[in-house]
Peer 1: 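My questions all concern the structure below.
Each chain gets a letter, A, B and so on, in the order its sequence line appears, and its residues count up from 1.
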Protein chains: 2
Amino acid sequence: MSEKTINNVSVDCVIFGFSNNSLNVLLTERKLEDEKTGEMIVNDFTLQGHHVLEGEDLDDAAKRILKEKTGLEDIFLKQFYVFGSAGRILNPKDQLWTKVRYPNIASQVFSIGYYSLVDSSKVNPDRNHRYTKWFPIKDLPELGYDHLEIISKALDSLRKKILIDPIAFELLSERFTLGQLQTLFETILDVKLDKRNFSKRVSQMKYIIPLNEKRRIAKIKPARLYIFSREVYDKTRKEKINFSF
Amino acid sequence: MSEKTINNVSVDCVIFGFSNNSLNVLLTERKLEDEKTGEMIVNDFTLQGHHVLEGEDLDDAAKRILKEKTGLEDIFLKQFYVFGSAGRILNPKDQLWTKVRYPNIASQVFSIGYYSLVDSSKVNPDRNHRYTKWFPIKDLPELGYDHLEIISKALDSLRKKILIDPIAFELLSERFTLGQLQTLFETILDVKLDKRNFSKRVSQMKYIIPLNEKRRIAKIKPARLYIFSREVYDKTRKEKINFSF
DNA sequence: CCAAAAGTGTTACGGCTACACCCATGC
DNA sequence: GCATGGGTGTAGCCGTAACACTTTTGG
């Protein structure tokens, strides 16, 4: 690390991707062997995170981490919670890992949780020469620190937000089919939707624009492609007041 | 301060109250005179905030501040954002105040923003012997630091949440009238609602329970009182999936 | 010809909105 | 008796949900 870091504030990123009808999270392997016995003491996965640099904005720290780990820029990022319980790091495994890898760290660390939505076809998770891999949200490996809790809170936050704001598209390629969009909602919200009603709903949204192009893939009827237009969205957006408390 | 504080992490509370058909925020006066000339150098208002203590959970820090400033416990608190831009404190006035009052503070401070909803009839804002006062959200005084931005973000967050979660009641007395509840929504959301439709809506919500008691006040017809039951709410709650992205 | 997903309309019901008049009280 | 907010019913409309068959493609 060439720049000075703030030793008690870190940013952790829950990077969501969508593929094979599954919502996935990008995780990095954590491995530590006992020097003498060669025994594996720590062997699990963690989120991507890093301490904030001096003089750095939080959002910038999150962007930096994302750039490093996925190579991507200008992607959707949302700060969703701060994890700062005094007793977060009680597990001996985590304490050991921290002592070895981050000897200068403060005893009480505040982790600012961000989640991001990426088009996972654009991500090259191996760029950092570390073992970084997508895991389905329904089938996570063993996780270090309190990262399971962080992922769980991120998911809650995403589920709420995807109903209210036009962020689903961030998980798809620029051009997508209705089927992909529908499956995305079904997967994230864990519901079944009616194809005809879904299509009607979408066609009311002027900011989801049908193209005169079709996706052709194996064995099935070519499907029309759509794009999301943020310009149209911003222009036509009106708040509707809908109590459901 | 008897306990050791963490000098770069603070919690700031936006305390919302509702009275006289106005949404209000509790603010504390900040005053500093030039020792020689007697000239008033700093004279404005700030939110209630304090640095986090070593070993203290963030939520506990927020509770502590709330208890100190209002005397209240067990009240609604929501962490809504972290303010950590490197260049937050550029105003000379704020720098001066910080140097005089908090000489040991770090140069870059992360403020965890919480907002709370209180029954303002229960608050005694003068208990701390400082000049603390309610201000209508529509008529705020001059504010120190970036507290205007913090209040503004808190309000956005409240407006979203009040539509989704049963938190409006936190701003009213335990027993309230339909009129009070309706005015609360109208004020916070800045809309006009139909009295009859509102009343029908409320009567569908089984967790808003009519009492056989009436509020009697000057000159008007006595109004039926209601209470909110969290038990009933938790039992009958079901998520409804309502795209409006 | 088969498998797999794409594409497309109608109907019935329920929920939401719009709307106006009388009531109880304190002064 | 008047000013103030409390309390109540209906009708039309619109949006939502339920529902099934045909099309296109690749193998």
Peer 1: Check whether any side-chain N or O of Thr70(B) sits under 3.5 Å from a backbone N or O of Leu66(B) as a donor-acceptor pair, and report yes or no.
Peer 2: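 Yes: the side chain of Thr70(B) pairs with the backbone of Leu66(B).
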Peer 1: Is the closest side-chain donor-acceptor distance between Asn21(A) and Thr183(A) under 3.5 Å?
Peer 2: no
Peer 1: Check this for me: does the side-chain of Lys221(A) come within 3.5 Å of the base of dT22(D) through a donor and an acceptor?
Peer 2: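 Answer no: no donor N or O sits under 3.5 Å from an acceptor.
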Peer 1: Relative to Phe135(A), does Lys133(A) satisfy both conditions: NZ or CZ under 6.0 angstrom from the six-membered ring centre, and within 45 degrees of the ring's axis?
Peer 2: yes
Peer 1: What is the distance, rounded to the nearest whole Å, between atom CE of Met205(B) and atom P of dG15(C)?
Peer 2: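 Atom CE in Met205(B) sits about 13 Å away from atom P in dG15(C).
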Peer 1: Please determine, for the side chain of Pro222(B), which listed nucleotide (dG7(C), dA18(D), dT25(C)) has the closest atom?
Peer 2: dT25(C)
Peer 1: Between dC16(C) atom P and Leu193(B) atom CG, what is the distance in whole Å?
Peer 2: 13 Å
Peer 1: Return the 5'-most residue of the pair Asn197(B), Ile241(B) with respect to DNA chain D, ranking by each residue's nearest nucleotide.
Peer 2: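 The residue mapped nearer the 5' terminus is Asn197(B).
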Peer 1: Write down the distance between CZ (Phe198(A)) and P (dG15(D)), rounded to a whole number of angstrom.
Peer 2: 19 Å
Peer 1: Below 4.0 angstrom, N of the basic side chain to O of the carboxylate: do Glu73(A) and Lys63(A) qualify?
Peer 2: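 Salt bridge absent between Glu73(A) and Lys63(A).
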Peer 1: On DNA chain D, compare the nucleotides closest to Phe243(B) and Tyr226(B); which residue's is nearer the 5' end?
Peer 2: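 Closer to the 5' end of DNA chain D: Tyr226(B).
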Peer 1: Measure from CG on Leu211(B) to P on dG7(D) and round the result to the nearest Å.
Peer 2: 12 Å
Peer 1: Which listed nucleotide (dG9(D), dG7(C), dC27(C)) is nearest to the side chain of Lys219(B)?
Peer 2: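 In terms of side-chain proximity for Lys219(B), the closest of dG9(D), dG7(C), dC27(C) is dC27(C).
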Peer 1: Is the Phe198(B) ring parallel, tilted or perpendicular to the Phe243(A) ring (thresholds 30°, 60°)?
Peer 2: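 Taking Phe243(A) first and then Phe198(B), their aromatic rings stand perpendicular (interplane angle over 60°).
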Peer 1: Of the nucleotides dG9(D), dA17(D), dA6(C), which one has an atom closest to the side chain of Arg196(B)?
Peer 2: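 Minimum distance to the Arg196(B) side chain belongs to dG9(D).
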Peer 1: Rounding to an integer number of Å, can you tell me how far Gln180(A) CD sits from dA6(C) C1'?
Peer 2: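 Between C1' of dA6(C) and CD of Gln180(A): 13 Å.
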Peer 1: Tell me the interatomic distance from Arg216(A), atom CZ, to dT23(D), atom C1', rounded to whole angstroms.
Peer 2: 14 Å
Peer 1: Taking atom P of dT23(D) as reference, at what distance in whole Å does atom CD1 of Ile220(A) sit?
Peer 2: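 The answer, rounded to whole Å, is 18 Å.
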Peer 1: Considering only side-chain heavy atoms of Lys200(A), which listed nucleotide, dA6(C), dA18(D), dC19(D), is closest?
Peer 2: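 Closest nucleotide to the Lys200(A) side chain: dA18(D).
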Peer 1: Once hydrogens and angles are ignored, does a donor-acceptor distance under 3.5 Å link the base of dG6(D) to the side chain of Lys195(B)?
Peer 2: yes
Peer 1: Nearest to the side chain of Arg224(A) - dG7(C), dA18(C), dG6(D)?
Peer 2: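 Shortest atom-to-atom distance from the side chain points to dG7(C).
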Peer 1: Starting at CD of Glu186(B) and ending at P of dG5(D), how long is that distance when rounded to a whole Å?
Peer 2: 13 Å
